[in-house]
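Heads up: the structure comes next, in structure tokens.
For the numbers below, each heavy atom of this structure counts, side chains included, while hydrogens, waters and symmetry mates do not. Every number for a ligand or one of its atoms is a count from 1 in the order of the listing. The structure displayed is predicted, hence computed values, not measured ones.
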Amino acid sequence: MGQVSKVLVVGGGIGGLCAAIALRRQGIGVDLVELKSEWTVYGVGIIQQANVVREMARLGLADDYLKAGFGFSDVGIYDGATGTRLVRIPGKSLVGDQYPANIGMSRLALHELLSRRAMELGAKVTLGMSVESLGQDAQGVDVRFTDGSAGRYDLVIGADGLFSRMRGMLFGDTYTPRFTGQAVWRYNFPRPAEIDHLAHFQGEHGNAGLVPLADDLMYMYVTSHEPDNPYMEQAELAGRMRERLAGFGGLVGKLAEQITDSRQVVYKPMEVIFVAEPWFRGRVVLIGDAVHAATPHLGQGAGMAIEDAVVLSEEIIGEGTLEERLQRFMARRFERCRFIAESSIMAGDKEMERDHSFDRIGLVKKMLEVTAQPI
Ligand SMILES: Cc1cc2nc3c(=O)[nH]c(=O)nc-3n(C[C@H](O)[C@H](O)[C@H](O)COP(=O)(O)OP(=O)(O)OC[C@H]3O[C@@H](n4cnc5c(N)ncnc54)[C@H](O)[C@@H]3O)c2cc1C
């Protein structure tokens, strides 16, 4: 019942920008507000796997993606101590041979691409602004913004991330992010020719990886167990990251010695949240990390946010009442996002327990199978 012709997207991260792009492609009017007054994204890179490349192709972005990033096929799993390869899992493009299975790219490049495209398509983007309050009736949502202005929308999409204020507006303090006990450390390096695939190194205390981002760039990550979520002094980050890499040999061990600039280390405690269904109340719906933030173990958090955006844009132009359309969105998203969230957390838990019987390779294969299914 009722056309959705004007939508407010709250949050200009990966999910919010993809929602703006997908909605504009359907001809729906989009206002997007982003809290930050400048497009800043925390450094290093991101892996976009085959299911994401597929959705990017559907959004008409895959060619730009490929230009801005580094396409690759395989995932190699290595013994961390020696650097010896254990297995190479061949990637499979889900959109045909003209595209690689996976793309690694810098977060900045991804953000520039998505924000430029959203604006080219006519999304009205306002930086340095958020939602002050919401009030809804059967026909629409009245929004008061933090600059004192107001607007009325058919639908509001909260894509404001892990610490979502929109989630608080819908669910009060029922949900708060939980620290899992682990953190991840990242650092950029020039890319050697051999890192033409995602190389994952299984260590004794955590896992490391090398991810190609561009012809001349890659990043390293390492996960660590940080039981009390300690405060990390910025000036000490390089030394601390080297400590976390102490047990690694091979290429990772060699590169560890080059981690000397603490300003270039990106340290992030892992925090998660998972909201029970439905992710909407009336005409306000949440997507992405606001409702299902996972740990990075399976590299699918942004992938799930992007898929949410695509599915939501498809469903809201469908048949039935808005509630029925949003229920169909839930039906297509809930179990898939739950699988990623729970599996990612389990992989981290097994690392912390140092459970050597845990079949990580099997889990990665299962994730690839599940995410290859159409959304
Ligand atoms: C270390 C690490 C590595 C990761 N690696 C990968 C990977 O390789 N592949 C992958 O797919 N995923 C990865 N992820 C997950 C991925 O980064 C997230 O799942 C993804 O960014 C979620 O997108 P989002 O748009 O929902 O939220 P975000 O990207 O967090 O965007 C939220 C946006 O909302 C804005 N905002 C916040 N509050 C407000 C407000 N009140 N009003 C307006 N705007 C607001 C924020 O400024 C931000 O721009 C990783 C995560 C971590 C922590």
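Of the N and O atoms on the side chains of Q182 and T180, not one donor lies less than 3.5 Å from an acceptor on the other residue. Judged purely by distance below 3.5 Å, without hydrogens or angles, the side chains of Q264 and N188 never pair a donor atom with an acceptor atom. Looking only at atom types and distance, the side chain of T223 has a donor-acceptor partner in the side chain of E351 under 3.5 Å away. One side chain, R360 or H200, offers a donor N or O that lies under 3.5 Å from an acceptor on the other.
Counting non-hydrogen atoms of neighbouring residues, nucleotides and ligands closer than 6.0 angstrom, the CG atom of D137 exceeds 12 such neighbours. The 12-atom threshold is exceeded at CD of Q98, counting heavy atoms of other residues, nucleotides or ligands nearer than 6.0 Å.
A heavy-atom distance below 4.5 Å is found between the side chains of D308 and F329. Taking 4.5 Å as the limit, every side-chain heavy atom of L170 sits out of range of all side-chain heavy atoms of V275.
In the vicinity of G299, heavy-atom distances shorter than 4.0 Å reach the ligand 1 atoms 7 (C), 9 (N), 10 (C), 11 (O). Atoms of ligand 1 lying under 4.0 Å from at least one heavy atom of V184, given by number and element, are 1 (C). Taking a cut-off of under 4.0 Å to the non-hydrogen atoms of K36, the atoms of ligand 1 that pass are 47 (O). Interface atoms of ligand 1 facing Q300, defined by a heavy-atom separation under 4.0 Å, are 10 (C), 11 (O). Atoms of ligand 1 lying under 4.0 Å from any heavy atom of A159, numbered from 1 in the order shown and given with element: 32 (C), 33 (C), 34 (O). Counting atoms of ligand 1 from 1 in the listed order, those under 4.0 Å from a heavy atom of L35 are 38 (N), 39 (C), 40 (C), 42 (N), 43 (C), 44 (N), 45 (C). Contact atoms of ligand 1 toward G288: 26 (O) (distance under 4.0 Å to a heavy atom of the residue). Less than 4.0 angstrom separates some heavy atom of V10 from each of these atoms of ligand 1: 42 (N), 43 (C).
The distance criterion of under 3.5 Å between nitrogen or oxygen atoms is not met by R165 with respect to ligand 1. Residue-to-ligand polar distances place G303 within reach of ligand 1: an N/O pair is separated by less than 3.5 Å. For the pair I47 and ligand 1, the shortest N or O to N or O distance falls below 3.5 Å. When only interatomic distances are considered, the shortest N/O to N/O separation between I287 and ligand 1 does not fall below 3.5 Å.
Residue L162 does not touch ligand 1, judged by heavy-atom distances below 4.0 Å. Using a 4.0 Å cut-off between heavy atoms, D289 contacts ligand 1 through both its backbone and its side chain.
The closest heavy-atom contact to atom 10 (C) of ligand 1, among the options A302, G161, A305, comes from A302. If you check each of G15, S115, A183 against atom 24 (P) of ligand 1, the one with the closest non-hydrogen atom is G15. Closest heavy-atom approach to atom 41 (N) of ligand 1 within the set S164, S130, G12: this belongs to S130. When the heavy-atom distances from atom 4 (C) of ligand 1 to R107, Q48, K268, R186 are ranked, the shortest goes to R107. Residue D160 holds the heavy atom nearest to atom 38 (N) of ligand 1 of all those in V211, L198, D160.
Panel note: side chain E271, backbone P177; no donor-acceptor pair is recorded below 3.5 Å. With hydrogens and angles disregarded, a donor-acceptor distance shorter than 3.5 Å links the side chain of R54 to the backbone of A372.
Each of Y221 and M218 belongs to its own hydrophobic cluster when Ile, Leu, Val, Met, Phe, Trp and Tyr are linked at side-chain heavy-atom distances under 4.5 angstrom.
Taking the centre of each ring, Y231 and Y267 stay at or above the 6.0 Å mark.
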